[in-house]
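Notes for the one structure printed next.
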Protein chains: 2
Amino acid sequence: MTKKRNSRTVYAVLGFLADKPRSGYEIKKAIDDKIGFFWSESYGQIYPILKKLVDKGLAEKIPANADDGRKKQFYKITDLGKDEFQEWLKLPADYNSIRNEILLKLFFGANADKETNLNHLRSFKESNQSLINDLKQLDNQENTGTYQQAVLAYGANTSKVSVKWANETINRLTKLSS
Amino acid sequence: MTKKRNSRTVYAVLGFLADKPRSGYEIKKAIDDKIGFFWSESYGQIYPILKKLVDKGLAEKIPANADDGRKKQFYKITDLGKDEFQEWLKLPADYNSIRNEILLKLFFGANADKETNLNHLRSFKESNQSLINDLKQLDNQENTGTYQQAVLAYGANTSKVSVKWANETINRLTKLSS
DNA sequence: AGCACCATGTAAGTGGTTACATGATTCC
DNA sequence: GGAATCATGTAACCACTTACATGGTGCT
């Protein structure tokens, strides 16, 4: 009974191919733009995986159009690919391997001076503030379905409390004597 | 100008050694118990890193006590190790490489049936509810400083909104016709 | 002409997990 | 006696990042 523990990247790629045929470059862009606030991938993963998906029959290459100026290589998910993807969707998500570096630094904050910690909190606050804006943008422009909207709402909620928490923590630290 | 991009595990280990001398086993336990909600490590990382820290002069072995029943191998951070750790604390945290699998599954939820998505939401809700309890426990029992308390508060805030969001999303989905 | 971005890929290196191996101690 | 937990480590494997290589297109 081995674990298998497949690469999550595979499913992120399959997910975007399930939406519509895409090139590797477009997949990367979609990941950055649409799920960037909770997911990231590199080309070094995407391109080899695309090849592997074709080998396994989970996706297939679409021959480039002649009148297509760019030399894009499109990929289309197969029925087998859809099955595989849907099987994965049913599996429980492994909550694990969460690593939040800014929390780690703050947790050990007593080892640094106050200004260092305040800087971390400020940059954390700023990144969450711009995230709020980005998500608002996304919510307006995109024709998202129920599930996408729910995920966006999650991002909006958590980033809002993050900003609030950062403000409170900054205030509390600032008042501190040391 | 190379990136260096050192292993974050090294600093998690150094951080707990900066608190007090510990064995590899105790470090793992401290990580699980105290920062488990935003960090995780495996023995396969910790023990080799402990050895590497000694090689680099960032930590040193403490010879086991004779009257110490268990054969624990303790490690103590050196001044050099403290310097290295404090330098790292000053560096900006790289917000990146965040990967939330449950959000990924929900984002692609339209490819699965409603019950699958509800299951993910329910288990997400439950894990956040037990997190709230765990954090309450931690906050009471431990003699934590300002920074630890702040991090705990962050965990409490985000897990509360997560539960709230999960409830709302579950309700909205349940009402949906399909 | 030059810059930003589009576009695809490979190679090297590393960070990290999982599985395996071994044995002591404590509690029921 | 047996299970849970304490305790330390190694080996194999793989997921992922970074750096490199190459060239096209569009804009100013």
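Chain letters run A, B, ... following the sequence lines, proteins first, then strands; residues in each count from 1. Only heavy atoms go into these numbers, but all of them, side chains included; no hydrogens, no water, no symmetry mates.
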- Message: How many whole angstroms separate atom CD of B/Glu101 from atom P of D/dA15?
- Response: 13 Å

- B/Ile98 CD1 to D/dC16 C1', straight-line distance once rounded to whole Å: 15 Å

- Task: Give the nucleotide from the list D/dC6, C/dG15, D/dC16 with an atom nearest to the side chain of B/Lys29.
- Result: D/dC6

- Query: Are B/Arg8 and B/Glu41 close enough for a salt bridge, meaning some N to O gap below 4.0 Å?
  - Reply: no

- Spacing of A/Glu41 atom CD relative to D/dA15 atom P, expressed in whole Å: 12 Å

- Note on the structure: Here the distance between atom C1' of D/dT8 and atom NZ of B/Lys52, to the nearest Å, is 19 Å

- Kindly say if A/Thr9 contacts the phosphate of D/dC16, meaning a side-chain N or O under 4.0 Å from OP1 or OP2. yes

- Item | NZ/NE/NH1/NH2 to OD/OE distance under 4.0 Å, B/Asp55 and B/Lys51 | no

Which atoms of nucleotides 9-12 of chain C (N or O only) lie under 3.5 Å from a protein N or O atom, and what are those distances?
residue : atom : partner : partner atom : Å
C/dT10  : OP1  : A/Lys51 : NZ           : 3.0

- Note on the structure: Assign each of A/Gln45 and B/Glu26 the nucleotide of DNA chain D bearing its closest heavy atom; nearer the 5' end lies the nucleotide of B/Glu26

- Task: Would you tell me if any nitrogen or oxygen in the side chain of B/Arg99 comes within less than 4.0 Å of OP1 or OP2 on D/dA15?
- Result: no

- Nearest listed nucleotide, side chain of A/Lys72, among C/dA7, C/dT18, D/dT17: C/dA7

- Task: Determine yes or no for a side-chain-to-main-chain donor-acceptor pair under 3.5 angstrom, with A/Lys82 supplying the side chain and A/Ile77 the backbone.
- Result: no

- Minimum-distance nucleotide (side-chain atoms of B/Tyr25 versus D/dT8, D/dC16, D/dT17): D/dT8

- Item | B/Lys28 NZ - D/dA7 P separation (whole Å) | 14 Å

- When rounded to whole Å, the CG to C1' distance for the pair B/Asp33 and D/dT5 reads 13 Å

- Query: Among the nucleotides C/dT17, D/dT17, C/dG16, which one has an atom lying closest to any side-chain atom of A/Ser40?
  - Reply: D/dT17

- By ring-ring contact (aromatic ring centres under 6.0 Å, His included), B/Phe124 pairs with (sequence neighbours left out) A/Tyr154, B/Trp165

- Task: Report the distance from atom CG of B/Leu53 to atom P of D/dT8, rounded to the nearest whole Å.
- Result: 15 Å

- Message: With a 3.5 Å distance limit and no angle check, can you tell me whether A/Lys76 reaches the backbone of A/Arg22 through a side-chain donor-acceptor pair?
- Response: no

- Item | B/Gln73 side-chain N/O to B/Ile62 backbone N/O, donor-acceptor pair under 3.5 Å | yes

- Item | Side-chain N,O (B/Ser7) to OP1/OP2 (C/dG16) below 4.0 Å | yes

- cation_pi(A/Lys34, B/Phe107) dist<6.0 Å, angle<=45: no

- Provide, to the nearest angstrom, the distance between the CZ atom belonging to B/Arg22 and the P atom belonging to D/dT8. 13 Å

